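Values in this document were obtained by computation on a predicted structure and should not be read as measured data. Protein chains get the first letters and strands the later ones, always in sequence-line order, with residue 1 at the start of each. These values consider heavy atoms only, across backbone and side chains, with no hydrogens, waters or symmetry-generated copies.
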Number of protein chains: 2
Amino acid sequence: MATRTDAPTRREQILKEAARLFAERGFHGVGVDEIGAAVGISGPGLYRHFAGKDAMLAELLVGISGQLLTGARRRVAEAEGDSVDRDAGAVLDSLIEGHIDFALDDRPLITLHDRELDRLRDSDRKLVRQLQRQYVELWVGIVREVYPGLAEPTARSAVHSVFGLLNSTPHLGRPGSLPGRGAMAQLLHRMARGAFEAAGTD
Amino acid sequence: MATRTDAPTRREQILKEAARLFAERGFHGVGVDEIGAAVGISGPGLYRHFAGKDAMLAELLVGISGQLLTGARRRVAEAEGDSVDRDAGAVLDSLIEGHIDFALDDRPLITLHDRELDRLRDSDRKLVRQLQRQYVELWVGIVREVYPGLAEPTARSAVHSVFGLLNSTPHLGRPGSLPGRGAMAQLLHRMARGAFEAAGTD
DNA sequence: CCTTCAGGTTAACGACCGCTAACCTCCCTG
DNA sequence: CAGGGAGGTTAGCGGTCGTTAACCTGAAGG
């Protein structure tokens with residue numbers, strides 16, 4: 001994985017600021033002038049980089065869903081490589097870890113991800129939903145390996161619930177009195193495993 | 001608790017429909033004409049009942065927060081009455097049950113509750129936040145009784161996370177292939193307890 | 001040195017939206 | 001039976017917002 005070292009392009013600046021603003025005030029609550037101002041250009045200058053406001057949101061949401069899915073697939077594949085009969089529990093831990101990293105490091109994106117999906121054009125929304133569904137099903141498969149007693153609908157609900165738990169970080173106030181990032185990650189990880197454990201033992 | 005049997009007033013109809021629409025498409029995404037149409041009157045007729053669109057959102061959010069807090073206080077008080085040294089675990093179970101009932105029965109309100117808070121006037125927002133804070137602190141107190149080892153910031157984060165878990169039901173697709181309401185409530189309850197348990201045992 | 005083009009700018013248009021004004025109709029009550 | 005208020009209606013104003021048009025500029029390339 002080649003980590004980027006070059007400067008971010010203007011497009012990327014715009015996307016980042018747009019994500020932050022959309023998360024803060026909602027898609028309809030942010031004007032294009034504001035987005036422009038956030039990157040030092042003003043208003044219609046954005047149209048040199050994007051077809052429109054909708055296009056920014058679409059690119060953000062498709063990007064997020066894709067990243068989540070790609071990361072999860074990579075983690076599963078890595079575990080497959082390790083041994084013939086892998087430890088499903090370890091894979092689940094890895095998935096949880098990946099999702100937590102995302103939730104903690106890209107809060108605005110996580111917020112957008114389950115908040116503004118309906119503002120997309122039909123085709124984009126279908127694509128995002130498909131990526132999301134694949135991500136969920138990947139989790140469901142692993143969870144049911146770890147807890148074979150879980151029926152599929154139950155496992156799916158459990159996975160959604162754990163996503164809710166892990167994605168809850170945006171609701172925390174400004175990084176004041178709460179645990180540091182490392183402690184928070186550990187806490188969330190333990191709680192997620194505990195929740196699955198409780199779901200898996202009827 | 002006198003359960004209502006009389007017909008809902010127009011105000012209540014409007015609030016209910018507005019909640020649904022706001023949850024579906026966001027506060028800014030819904031026009032007053034749509035809200036009016038949803039209750040069979042059109043557009044400006046709403047202004048006979050509310051001072052403005054903002055007032056509807058405010059009344060919704062204050063109402064939700066208040067109901068949650070009131071219900072939780074009642075549950076705690078009932079447990080206090082039962083015995084001198086009550087079973088804190090049972091109180092926690094009762095709180096969880098109440099929150100689940102709310103999340104399952106009033107999905108749109110739960111969605112609004114942590115999504116549109118920023119659209120309120122300053123004074124209303126302060127009020128809602130204060131009610132929310134009291135609700136959280138009430139939970140934190142009970143949780144720390146059940147798991148005395150938990151530091152306060154950790155407990156608070158855990159409570160927020162469990163709220164995320166319990167509030168995750170809106171993200172589930174239309175009531176198709178997922179567990180029925182009773183099974184869902186049981187599943188959520190077990191997962192919430194499991195998550196707290198995992199948080200409480202470092 | 002001329003051209004081109006990427007990446008800006010400001011002005012302005014058109015649509016939409018929240019809200020008000022003005023008016024209309026029942027229904028209740030003295 | 002007058003009249004008045006509750007609860008509607010439609011027309012329209014004013015502001016905002018996404019988008020387009022027209023223009024500018026500085027740097028790269030032949």
- Query: A/Arg48 CZ to C/dT10 P: how many Å, rounded?
  - Reply: 14 Å

- Sugar-phosphate only, base, or nothing, as touched by A/Gly45 at under 4.0 Å among non-hydrogen atoms: base

- Message: How many whole angstroms separate atom CZ of B/Arg11 from atom P of D/dG8?
- Response: 13 Å

- Which nucleotide in the set C/dG18, D/dG8, D/dT19 lies at the smallest distance from any side-chain heavy atom of B/Lys53? C/dG18

- Spacing of B/Asp33 atom CG relative to C/dT20 atom C1', expressed in whole Å: 14 Å

- For residues A/Asn167 and A/His99, is any side-chain donor paired with an opposing acceptor at under 3.5 Å? yes

- Message: Could you check whether B/Arg156 pairs with B/Glu152 (Lys NZ or Arg NE/NH1/NH2 to Asp/Glu carboxylate O, under 4.0 Å)?
- Response: yes

- Message: Does this structure show an ion pair linking B/Asp93 with B/Arg193, if we count only N-O contacts that are shorter than 4.0 Å?
- Response: yes

- Message: Does the plane of the ring in A/Phe163 sit parallel, tilted or perpendicular to the ring in A/Tyr135? Use 30° and 60° as the thresholds.
- Response: parallel

- Message: Base, sugar-phosphate or nothing for A/Val30? Non-hydrogen atoms, less than 4.0 Å.
- Response: sugar-phosphate

- Message: From C-beta outward on B/Pro44, which listed nucleotide comes closest to its side chain: C/dT9, D/dA11, D/dG18?
- Response: D/dA11

- Message: Whole angstroms only, please: what is the CG-C1' distance between B/Asp54 and C/dG18?
- Response: 9 Å

- Looking at A/His49, does any N or O in its side chain come under 4.0 Å of the phosphate oxygens OP1/OP2 on C/dG8? yes

- Message: Closest approach to the side chain of B/Ser42, judged atom by atom: which nucleotide of D/dT19, C/dT9, D/dT9 is it?
- Response: D/dT9

- Query: Under 4.0 angstrom, heavy atoms only, what part of the nucleic acid is A/Gly43 near: base, sugar-phosphate, or nothing?
  - Reply: nothing

- Message: Could you tell me how far apart B/Phe50 (CZ) and C/dG18 (P) are, to the nearest whole angstrom?
- Response: 15 Å

- Message: Can you measure A/Tyr47 atom OH to D/dT20 atom C1' for me and round it to whole angstrom units?
- Response: 9 Å

- Item | Any donor-acceptor N or O pair under 3.5 Å, side chains B/Ser123, B/Arg121 | yes

- Item | Whole-Å distance separating the CD1 atom of A/Ile41 from the C1' atom of D/dC24 | 16 Å

- Query: When you check the phosphate oxygens OP1 and OP2 of D/dG8, does a side-chain N or O of B/Arg10 lie under 4.0 Å from one of them?
  - Reply: yes

- Task: Quickly work out the A/Leu46 CG to C/dT10 P distance and round it to whole Å.
- Result: 13 Å

